[in-house]
Amino acid sequence: MAQDPANNLRLLGLSEAIAKRWHWQVNVSIDADLSRCYVEGDRDRLPELCRWLIYDLEYGLGSLIVEETEGDWLLRYIFYGEPAGEQVHLGVRFNKKENTVPSISTIIHAANWHEREAHDLFGLVFEGHPRLINIVRHEEWPAGIHPLRQDFDASQPYPHLQVDSWRPNGVVQAPGAFMMPIGPVYADAAESALFLLESVGEDVIRTSPRFFYKFRGVEKIAEGQPLDRVLLLAERFSGTSAFAHSLAFCQAVETICQVKAPARAQALRVAFAELERFRHHVAAIAGVCNSTALAVATSQAGILEEEALRLCGSLLGHRYLFGLNLPGGVACDLDDRQIDVLSSGVQTIFRKLERLYNLLRYSSSFLDRLEEVGLVTKEQARDYGLVGPIARASGLARDLRKVLPYAAYGEVSFEVPKEEEGDGYARLRLLFREAEQSVNILGSLLSSLPIGEIAAPDLALKPGAALGWAEAPRGAAFHWLRIDEAGVVRRYHLTTPSFTNWHGFHFAAEDFAYQDFPIILASFGLSNAECDR
Amino acid sequence: MWEWVWEGIRQGIVTTGYPARAETAAGVSPGFPSGLPRTFTDPEEAETLAACCPSEALVREGRQVIFRDQRCIHCYRCLRRIAPPQEWRWQGNYEWAVSPRPRAELAKKFDKSFRRSLHLRVIDAGACGACLSEIEQLNKPYYNMHRLGFFLTPTPRDADLLLVAGPVTEHMRLPLLKAYEAMPAPKAVLALGACAIYGGVFGSSFASLGGVSSLIPVDILVPGCPPPPLAILHALLALVGRAEPHRCESIASPQGGESHV
């Protein structure tokens, strides 16, 4: 959130360009503090504005947020640029009696699932959407019930239909074609999701996934709750990326209340976030090794993962870094001894990780199973707005830590690694390289932590709404939060990297040999808890 | 491939000595808040302490504050909010398994036939991923549950025990029931973590049932958010009669321990 004069100039130029082009048709305002340009226009202007932002200015779509007010629908499309440090929010407001809005999925694929989700949860109709069917609600939900609408009572258990009627719909029409369902209960400790593998023999032609088995309605149950309760939801809806999500949430609160976390808290947040990324990547590497049935490597990576968990647990009280973030700072400080333990602990684990990497990259039978498996091209990654290590392994160096720097990321120097091939091996290499960057950030940061408080003294609550974001281990996470005067949450919307990236998963799972499926899945390393919310 | 053989030998054994010896390594468990004052002269002070707990793990009774481990989610807000604030300290405990029925009934279920070999099927009924990650650790060298005769199995038809994590979402109700019904008798259910016990931070809502016991009978439960691997190991040992459960008490779920099956 650093203010950069070049950013402000770009922001000003952008707002002028929009005002000139859509004279009298849109309202443009800029917020220099947040590096944000807000454009509000009519529904009919939406497609051309989106087309201009995406094709002429090369912005990417971050999220679509739907809010329901007394009499209006308020849709907010969030765009952010690759090299630029500003965001463009495109607002569309219309009367609640109507529920149709032009779809932008035909302009940008990335909007597809966002629109389907809004259709499912709010009952909005996106005209021209290629496949506007349910995504969140399964067959247990009666038609016409939209759980995120204001008139839906979420405090009571909802009487779902007791049906077992869902049958997969095959797409491949050929003699001998059959469908192999995997899930929702499958493999050892895999998360619940269903994958339908369509095949006419040996090779799988296409995969259709079905998600939201784990839909806990986090966004709805947050409504009407005080901030300290919602903080628990924000960090615990996805336990393997808890710190990043709690950070995005806390930053949204801080933006609304115009509070700045002290410098030491900002630096500690970066340290904890990198510690989490490091642990996550080690776990993901263990997952890839396991999927290729390379027992010794799986064990080695498993040992390193447990060592990282113990390091977190012994220093910060929780193996998965729960309970560390507070709006306005962090709850836990590190003394000099702990800092030494942390930096030497991470270094030790990293040296062993490097050793593992050097063994893996000369194991030809292992590489055979990863190379050219699960391909995602750069164009596909861009069209689908993929984020995180998956996008970066396909040549799209998109990272919120660089694009929209938050906490102390503006002050630390690090690289955003990038690979070009977009296959399983590129994704694995990227995990190793990012883990290395995390260790470097931790090393330079911990040796010069600013001195001072770890939390802002008091947080005066203000009503308002804001976007918080963080580069979670799996990619970009956006948290939209609206609170009222009493600090009660009115709307909470989560855009998670797993949701964004599962949307592009089918590219990787096309035309492959059946036995490669676990490898493709592991090299994506996504979480259903994070996707389903 | 010889390098891998050599690498395995070079690494040596890292596996914990538990249950033969207590595990003392730092960071193996988050632990419950300890060192909290429990008795107050002023009931209001007790109320203040109890009120800072978001999961109702601390409850005031008169001038005392009662701690209910089944509901604790290790947020440490109690420790950080009392004056003077206390820093988290690990007390070296992880044997947390609670049996919802008397000790004798627990032993009866499996008799002695399953003492040396028990097959587990994990069901993710809406877990956040941390519980599942801790189960995975059990399969890895530091905990290696195979050495104690516990095995993960891919199908409920081969399973003796269902390990259920998460608050049981409405969308997972049917898969969970189907898995339970597919298991051969005798079968047992382990509720893993605060979510599976009472719904955890998600509670019972329009989208989740708020605990496993509202759908199928639970035989043993492990508090924690998430329960560390050693706590899960202790529960497994307690289930087959090779360890004592920490306590026998009914489930602290809002609906009580009633079963609909």
Side-chain angles (χ1 to χ4, degrees), chain A residues 138 140 147 152-158 160 164 184-192 212-218 220-221 228-229 232-233 236-240 242 283 294 296-300 302-303 305-306 309-314 317-320 322-323 331 359 363 365 527 529-530, chain B residues 1 3-5 7-8 11 14 25-31 54 73-77 80 88 90 121-133 135-137 139-142 152 154 156 166-167 169-175 179 200-209 225-226 228:
Chain A
H138 283 188
E140 288 96 338
F152 182 84
D153 179 13
S155 61
Q156 302 296 321
Y158 182 75
H160 288 70
D164 187 8
V185 175
Y186 70 104
D188 288 350
E191 289 192 75
S192 297
F212 289 94
Y213 280 94
K214 299 170 66 164
F215 175 61
R216 288 149 292 172
V218 168
K220 186 67 185 182
I221 55 181
D228 61 340
R229 287 287 180 132
L232 290 175
L233 288 173
R236 284 160 208 253
F237 83 95
S238 170
T240 47
L294 195 61
V296 181
T298 311
S299 295
Q300 292 291 338
I303 287 171
E305 186 192 349
E306 174 65 18
L309 285 167
R310 287 185 182 186
L311 190 65
C312 298
S314 63
H318 201 284
R319 287 157 60 90
Y320 293 87
F322 290 2
L359 279 165
S363 297
S365 65
S527 155
E530 204 180 37
Chain B
M1 290 316 254
E3 317 85 78
W4 288 111
V5 178
E7 185 67 13
Q11 174 65 55
V14 294
V28 291
S29 155
I73 53 168
H74 324 289
C75 66
Y76 306 120
R77 288 183 183 176
R80 286 166 184 152
W88 170 85
W90 188 49
R121 172 65 242 185
V122 181
I123 307 274
D124 162 21
C128 72
C131 281
L132 300 173
S133 165
I135 296 170
E136 277 178 23
Q137 291 309 313
N139 236 349
K140 287 174 181 168
Y142 264 108
L152 290 181
T169 57
E170 285 287 351
H171 294 172
M172 275 308 286
R173 173 208 284 264
L174 196 61
V201 293
F202 309 106
S204 73
S205 74
F206 75 103
S208 41
L209 303 183
C225 183

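When reading the values below, keep in mind they use all heavy atoms of this one structure, side chains included, and skip hydrogens, waters and symmetry mates. Quantities reported herein were computed from a predicted structural model and do not represent experimental measurements.
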S.K.: If you count heavy-atom pairs within less than 4.5 Å of chain A, which of B/Pro54, B/Ala125, B/Ser208 leads?
M.R.: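 So the answer, after comparing B/Pro54, B/Ala125, B/Ser208, is B/Pro54.
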
S.K.: Taking every heavy-atom pair that is under 4.5 Å apart, which of A/Asp228, A/Leu311, A/Thr298 has the most such pairs with chain B?
M.R.: A/Asp228

S.K.: Find out whether A/Arg236 and B/Cys75 are in side-chain contact, i.e. whether some heavy atom of one side chain is under 4.5 Å from a heavy atom of the other.
M.R.: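 Yes, their side chains come closer than 4.5 Å.
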
S.K.: Does some side-chain heavy atom of B/Phe206 sit less than 4.5 Å from a side-chain heavy atom of A/Ile221?
M.R.: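 Touching, per the 4.5 Å side-chain cut-off.
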
S.K.: Could you check if a side-chain atom of B/Pro30 sits within less than 4.5 angstrom of a side-chain atom of A/Phe322, using non-hydrogen atoms only?
M.R.: no

S.K.: Please look at B/Glu170 and chain A and tell me whether the side chain, the backbone, both or neither of the residue comes under 4.5 angstrom of a heavy atom of that chain.
M.R.: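 Contact with chain A involves both backbone and side-chain atoms of B/Glu170.
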
S.K.: Specify whether B/His171 and A/His138 have parallel, tilted or perpendicular ring planes, treating 30° as the upper limit for parallel and 60° as the lower limit for perpendicular.
M.R.: parallel

S.K.: As an exercise: rank A/Arg229, A/Glu530, A/Arg216 by heavy-atom pairs under 4.5 Å with chain B and give me the winner.
M.R.: A/Arg216

S.K.: May I ask you to name which of B/Arg173, B/Glu7, B/His74 has the most heavy-atom pairs under 4.5 Å with chain A?
M.R.: B/Glu7

S.K.: Please classify the contact of B/Pro226 with chain A as side chain, backbone, both or neither, using a heavy-atom distance under 4.5 Å.
M.R.: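 Both backbone and side chain.
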
S.K.: Can you tell which part of A/Gln300 gets under 4.5 Å to a heavy atom of chain B, answering side chain, backbone, both or neither?
M.R.: side chain

S.K.: So which of A/Ala154, A/Ala529, A/Gly302 has the biggest tally of heavy-atom pairs under 4.5 Å with chain B?
M.R.: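 Heavy-atom pair counts peak at A/Ala154.
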
S.K.: Using non-hydrogen atoms and a 4.5 Å limit, figure out which bit of A/Ala283 sits close to chain B: side chain, backbone, both or neither.
M.R.: neither

S.K.: Strictly distance-based, threshold 3.5 Å: is any side-chain N or O of B/Tyr76 a donor or acceptor partner for the main-chain N or O of A/Gly323?
M.R.: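 Not confirmed, B/Tyr76 side chain does not pair with A/Gly323 backbone.
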
S.K.: For the side chain of A/Lys214 and the backbone of B/Ala127, is there at least one donor-acceptor N/O pair under 3.5 Å apart?
M.R.: yes

S.K.: Please report the closest heavy-atom contact between B/Ser133 and A/Glu305, naming both atoms and the distance.
M.R.: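 Scanning both residues completely, I find the closest heavy atoms to be OG-OE2, 3.6 Å.
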
S.K.: Please name the pair of heavy atoms, one in A/Pro184 and one in B/Pro175, separated by the smallest distance, quoted to 0.1 Å.
M.R.: CG-CG, 3.8 Å

S.K.: Quick one: which of A/Ala242, A/Gly217, A/Ser238, A/Ser192 has the most heavy-atom pairs under 4.5 Å with chain B, could you say?
M.R.: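 Most heavy-atom pairs within the cutoff with chain B belong to A/Ser192.
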
S.K.: Could you grab the distance from atom CG of A/Leu232 to atom CD1 of B/Ile73, nearest 0.5 Å is fine?
M.R.: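 So the CG of A/Leu232 and the CD1 of B/Ile73 are separated by 4.5 Å.
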
S.K.: When rounded to the nearest 0.5 angstrom, what is the spacing between CD1 in A/Ile303 and CD in B/Gln11?
M.R.: 4.0 Å

S.K.: Under a 4.5 Å heavy-atom cut-off, does chain B meet the side chain of A/Ala187, its backbone, both or neither?
M.R.: backbone

S.K.: Okay, side chain of B/Arg121, backbone of A/Val185: is any donor-acceptor separation there less than 3.5 Å?
M.R.: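 A pair under 3.5 Å: no.
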
S.K.: So, the side chain of A/Arg319 versus the backbone of B/Gly27: is there a donor-acceptor pair under 3.5 Å, distance only?
M.R.: yes

S.K.: So which of A/Ala297, A/Ser527, A/Cys312, A/Ala190 has the largest heavy-atom pair count under 4.5 angstrom toward chain B?
M.R.: A/Ala297

S.K.: With a 4.5 angstrom heavy-atom cut-off, is it the side chain or the backbone of B/Pro167 that approaches chain A, or both, or neither?
M.R.: side chain

S.K.: Hey, does A/Leu359 have a side-chain heavy atom less than 4.5 Å from the side chain of B/Trp4?
M.R.: yes

S.K.: Tell me which of these, B/Cys131, B/Pro156, B/Gly166, B/Ser205, has more heavy-atom pairs under 4.5 Å with chain A than the rest.
M.R.: B/Ser205

S.K.: Counting only non-hydrogen atoms closer than 4.5 Å, does B/Cys225 touch chain A with its backbone (N, CA, C, O), its side chain (CB onward), both, or neither?
M.R.: both

S.K.: Please rank B/Pro141, B/Gly200, B/Gly129, B/Pro154 by heavy-atom pairs under 4.5 Å with chain A and give me the top one.
M.R.: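 The candidate making the most pairs under 4.5 Å is B/Pro141.
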
S.K.: Hey, are B/Lys140 and A/Glu306 close enough for a salt bridge, meaning a charged N less than 4.0 Å from a carboxylate O?
M.R.: no

S.K.: Less than 4.5 Å to any heavy atom of chain A: does that hold for the side chain of B/Val201, its backbone, both, or neither?
M.R.: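 Both parts, heavy atoms under 4.5 Å.
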
S.K.: Given a strict heavy-atom distance threshold of 4.5 Å, which part of B/Leu132 is in contact with chain A: side chain, backbone, both, or neither?
M.R.: both

S.K.: Is the backbone of A/Phe215 close enough, under 3.5 Å, to the side chain of B/Thr169 for a donor and an acceptor to pair up by distance?
M.R.: no

S.K.: Counting only non-hydrogen atoms closer than 4.5 Å, does A/Tyr186 touch chain B with its backbone (N, CA, C, O), its side chain (CB onward), both, or neither?
M.R.: backbone

S.K.: Please state whether the side chain, the backbone, both or neither of A/Glu191 comes within less than 4.5 Å of a heavy atom of chain B.
M.R.: both

